[in-house]
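Structure first, then comments.
Here, residue 1 is the first one in the sequence, and each next residue gets the next number.
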Amino acid sequence: MHNNEQIETWVVRLSADHFEASEFAGLGEHASYASEGNTVWVRVTAPSTLVRQCMMKVPGERWQEREGLLFPPQCRVPTQSLPDCEWMTAEQWFLVEFPRANVALRANSLSQQELRLSRGGSERPPAALEASRDDLKHWAEAAADEQLRRLRWIVSQRNDARCLVLGRWLPPIPGKYMVESERVLYPAGFCWKPTVKASIVRKVFQVPQSAWLYWESNERFHIVEDGLFLPLTRSGLRSKQDD
């Protein structure tokens, strides 16, 4: 935990020719960016332990910043002042692309990163499950009404023997569990790289405000209107079975 740690600001300077987006994108919202001629400046503000860990992972010349003055590591005397630049957030600086979707976030940026799913990330409780419709129906016949009331579902558009279930206390049946961030569903055990806000991911995929993005893999995604998800009921499952 960083709750009681002092907040520090560090600044990194390096040539634009040596600026590799992949080395800085992971700093997320802790960093802001500016350019001055052929020089890129990166400013990172975070609790002391975290910001010093960040400084060990990125290239460039670095200083600690206090009130616009730049202090070299372990030095109490400033050697220069912070330049007067127009600072940008990570969202403004990085142009995030997903080529298979043929869309990109428009931004004033010097860098380009492909947005992809990658193994890793923090643990999150599952929010959705893709499973066999037969398995779901068999489970629902014995499930308590309270369990069913927590769930919504939809039949897969590409395979009507499969379905997607949303909600808490998902059925304990075989399938692919998904986690969620701002109505972006993606496989459990994965995260997206570079690390950007879910709102940026939604812009990249051009997801309407009322819809979900089901990001199944780096080769397949689906945009599903929220109104298409139905309450999960035994009668609903039976009627779909009879269709």
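- Looking at R183 and D226, their side chains come closer than 4.5 Å, going by heavy atoms from C-beta outward.
- Residues S15 and V40 fail the side-chain proximity criterion, which asks for heavy atoms closer than 4.5 Å.
- In the hydrophobic cluster analysis, where Ile, Leu, Val, Met, Phe, Trp and Tyr join through side-chain heavy atoms closer than 4.5 angstrom, L148 is grouped together with V155.
- Listed by first and then second residue, the side chain to side chain donor-acceptor pair (under 3.5 Å) pairs that reach into residues 70-86 are W63-T79, sequence neighbours excluded.
- The hydrophobic clustering, which links ILVMFWY residues whose side-chain heavy atoms are closer than 4.5 Å, places F221 and I200 together.
- I223 and V184 fall within the same hydrophobic cluster, defined by Ile, Leu, Val, Met, Phe, Trp and Tyr side-chain heavy atoms under 4.5 Å apart, directly or through other members.
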Apply the test side-chain contact (heavy atoms from CB on, under 4.5 Å) to residues L70 and L82: give CA-CA distance (whole Å), side-chain angles for both, the deciding distance (0.1 Å), then the verdict. CA-CA 6 Å; L70 302 183; L82 191 67; 4.0 Å; yes
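- Residues meeting the side chain to side chain contact (heavy atoms under 4.5 Å, CB included) test with R124, sequence neighbours left out: S122, V179, S181, Y186.
- Between Y177 and P126 the shortest heavy-atom distance is CD2-CB, 3.8 Å.
- V11 and L69 are assigned to two separate hydrophobic clusters, defined by single-linkage of ILVMFWY side chains at heavy-atom distances under 4.5 Å.
- For the pair V165 and P171, the tightest heavy-atom approach, listed with the atom from each and the gap, is CG1-CD, 4.4 Å.
- Grouping the Ile, Leu, Val, Met, Phe, Trp and Tyr side chains by contacts below 4.5 angstrom, directly or via other members, places L230 with L170.
- Side chain of R43 to backbone of E65: no donor-acceptor contact under 3.5 angstrom is found.
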Could you give me the CA-CA distance, side-chain angles and deciding distance for L237 and H138, then say whether side-chain contact (heavy atoms from CB on, under 4.5 Å) is met? CA-CA 10 Å; L237 284 164; H138 180 75; over 6 Å; no
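- For W153 against G236, the heavy-atom pair with the smallest separation is CZ2-O, 3.9 Å.
- Scanning all heavy atoms of the two residues, the minimum distance from P187 to E216 falls at CG-O, 3.4 Å.
- Look at K197 and E182 and you find no salt bridge, because none of the NZ, NE, NH1 or NH2 atoms lies under 4.0 Å from a carboxylate O.
- Take Q147 and apply the side chain to side chain contact (heavy atoms under 4.5 Å, CB included) test, not counting sequence neighbours, and it matches W139, A143, A144.
- Under the 3.5 Å distance criterion, the side-chain polar atoms of R202 are matched with a main-chain donor or acceptor of P208.
- With rounding to the nearest 0.5 Å, the separation of CE in M55 from CG in L50 is 9.5 Å.
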When you look at E180 and M178, which way does the side-chain contact (heavy atoms from CB on, under 4.5 Å) test go after all the steps? CA-CA 7 Å; E180 180 264 343; M178 315 293 291; over 6 Å; no
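- Environment of CD in E141: crowded, with over 12 heavy atoms of neighbouring residues, nucleotides or ligands closer than 6.0 Å.
- A salt bridge does not link E36 with R13: every distance from a Lys NZ or Arg NE/NH1/NH2 to an Asp or Glu carboxylate oxygen is 4.0 Å or more.
- With L164 as the fixed residue, the side-chain contact (heavy atoms from CB on, under 4.5 Å) test singles out one of V224, L129, L185: L185.
- Checked by atom type and distance alone, the side chain of R152 never pairs as donor or acceptor with a backbone atom of G167 at under 3.5 Å.
- Between the side chain of N218 and the backbone N or O of L117 there is at least one donor-acceptor pair closer than 3.5 Å.
- The CD1 atom of I154 sits 10.0 Å away from atom SG of C163, with the distance rounded to the nearest 0.5 Å.
- One distance of note links OG1 of T89 with OH of Y33; it measures 9.5 Å at 0.5 Å rounding.
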For V201 and L115, what are the C-alpha separation, side-chain angles and deciding distance, and is it a side-chain contact (heavy atoms from CB on, under 4.5 Å)? CA-CA 8 Å; V201 176; L115 183 61; 4.1 Å; yes
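- Residues R162 and S132 meet the side-chain proximity criterion, which asks for heavy atoms closer than 4.5 Å.
- Rounding to the nearest 0.5 angstrom, the gap separating the CZ atom in R62 from the CG atom in L14 is 9.5 Å.
- Two rings, from W215 and F190, have their centers 6.0 Å or more apart.
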